[in-house]
Engineer: 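First, the structure itself, so that you have it in front of you.
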There are 2 protein chains.
Amino acid sequence: MLSPLCFPVRLEEDNIFVLDETRLPFEERYIKVNTLKGALRVLGEMKTRAFGQVLLFFYTCVLHKDIDEVASTFKETRPTFDFDRLAETLKKYAREKEDLREVVNRIVKEFEKNRIKRAKKLAGLLPAQANVLTICNLNGELIYIYQALKEMGKSACFFVCETRPYLQGTRLTLWELNRANIPVRILCDNQAAILMKEGAVNCVIVGSDRSNKRGDIINKIGTYSLAILAKYFHIPFYALIQFPKDIEIEEINIEQRQEREVFMWIEKRDSWPRAIYPAFDITPKGFISDWIDISGKFEE
Amino acid sequence: MLSPLCFPVRLEEDNIFVLDETRLPFEERYIKVNTLKGALRVLGEMKTRAFGQVLLFFYTCVLHKDIDEVASTFKETRPTFDFDRLAETLKKYAREKEDLREVVNRIVKEFEKNRIKRAKKLAGLLPAQANVLTICNLNGELIYIYQALKEMGKSACFFVCETRPYLQGTRLTLWELNRANIPVRILCDNQAAILMKEGAVNCVIVGSDRSNKRGDIINKIGTYSLAILAKYFHIPFYALIQFPKDIEIEEINIEQRQEREVFMWIEKRDSWPRAIYPAFDITPKGFISDWIDISGKFEE
């Protein structure tokens, strides 16, 4: 059973339906969007993220037509993700074929195929009993990985950092793995070291919002810390990447989100001021054992 | 201005008043306790912890008289803390003097003096602008440290890990420093690495529930992770200790608390199963730059 998070954003006629990830796991609700402004609002409020923002970008381009305007406003709203790259890809494909909707559907299908391919590649590297530590949410890709492991006669248990402050680990990953009957445990982000020390996990798998050709990645805040700990405990650390770019990763604008969000999901949260909240961190290549790439298809 | 957390438990006549730390920062409420059973209940529910449990132990002994029974039942309820040591101390002093209440009052006063002394000692080691990363709650001792720094012409800002799952950092430390007008920022536990990397913090201060003479400490889950990160970034890591004992620290029973507590303080938390929750971790001596001791007084 796949996860609704595999395709959290859908295009139907002239409406985009965005799975409201901030309501999960309590409610599976879709927000209807059909303007650039509406798309920017759900993006800014993190109603969708990760693969969802890729889909939202493409579908917004189908409706709004002006790819450059979509890219620049999306980038303003969530500066860390590489929307320019998506725009380039889309424009390249669109040059060959006129109908943007058709182009986007083809790209999305390829994406899906490549995510499954990436999952199989990674599954091949994992031990027979993979006790996987992970963070945030990989939009159903853990389920692909689990299925690939099963096909290879391997098994897996996932240990998921709750991923404060938005709790994507608890709200999304726990939810999607649970409903697919895949063994999963939640831990607080500060408990990773003890799990590693006790040998409870034997690999780490993380996604990435950005990466460069050197191998540095940018991903959800907390990833860097896991990487340092994994290196200390000699645990392999795998990064799922896409579109690695020839850039200095330090040049990328790391999004600083509002401090009130640190108190989200906590009772009576409005009464607490004073927090810091860098939404992502950088993990240098030296910490990464292997990079599982999805990018091949768009390169040639 | 000191913190109510400096003395979270008080003895008045034949009643113990326990500051309910689980209600903070929303409500400053005291629970009246006057039996061993009542004391064990507030202890088990973590209504008080750290220095509060020291005070609760002593005052329960005053009311209940049977020191050994208090120690063994307290230990059963919260196995990681060294209640045996408190019992030994109390019995040693009580041998010289008959009135247990008077003995306890004297011990508590000494404790207070020694905590201030310990804070001064540590303040002497800190830089002129101390940007302190800390975790959990030190029962007002950060305020002593801040005052000591000020007296030395130094200043400080505290960066406090929110300390999931109980959020003692947010609920207690942020609250007590804020009301004392001391500069403070909250971070999610997974954000420590980026702060260290960016040079935003230049020292780490943690408490300890237990320690041995080798220098290993046991403290709130998350401490070990901070220690590994601090070592990686060459940031001094100071541990406040008391009663270091000649033991193998691995022999100490690390409390495993109920998984439902991982979802505490989170909306609709009852719907989320499957977590792990070791309540403490061990930080080996190699990670600790210096140990600031309070134990001298009871040794001779």
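Lettering of chains follows the sequences in order, A, B, ..., and the numbering in each one begins at 1.
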Engineer: Which value, rounded to the nearest 0.5 Å, describes the distance between A:L229 atom CG and B:Y224 atom OH?
Structural biologist: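 Spacing of CG (A:L229) from OH (B:Y224) equals 9.0 Å.
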Engineer: Within the distance-only criterion (no hydrogens, no angle test), does the side chain of B:D189 pair as donor or acceptor with the backbone N or O of A:C188 below 3.5 angstrom?
Structural biologist: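 No, B:D189 side chain to A:C188 backbone: no donor-acceptor pair under 3.5 Å.
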Engineer: Might you confirm whether atom NZ of A:K154 has over 12 heavy atoms from other residues, nucleotides or ligands at distances under 6.0 Å?
Structural biologist: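 Yes.
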Engineer: Working to the nearest 0.5 Å, report the span between NZ of B:K197 and OG of A:S225.
Structural biologist: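 The distance works out to 13.5 Å.
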Engineer: Short question: side chain of A:N190, backbone of B:R164 - any donor-acceptor pair under 3.5 Å?
Structural biologist: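 A pair under 3.5 Å: yes.
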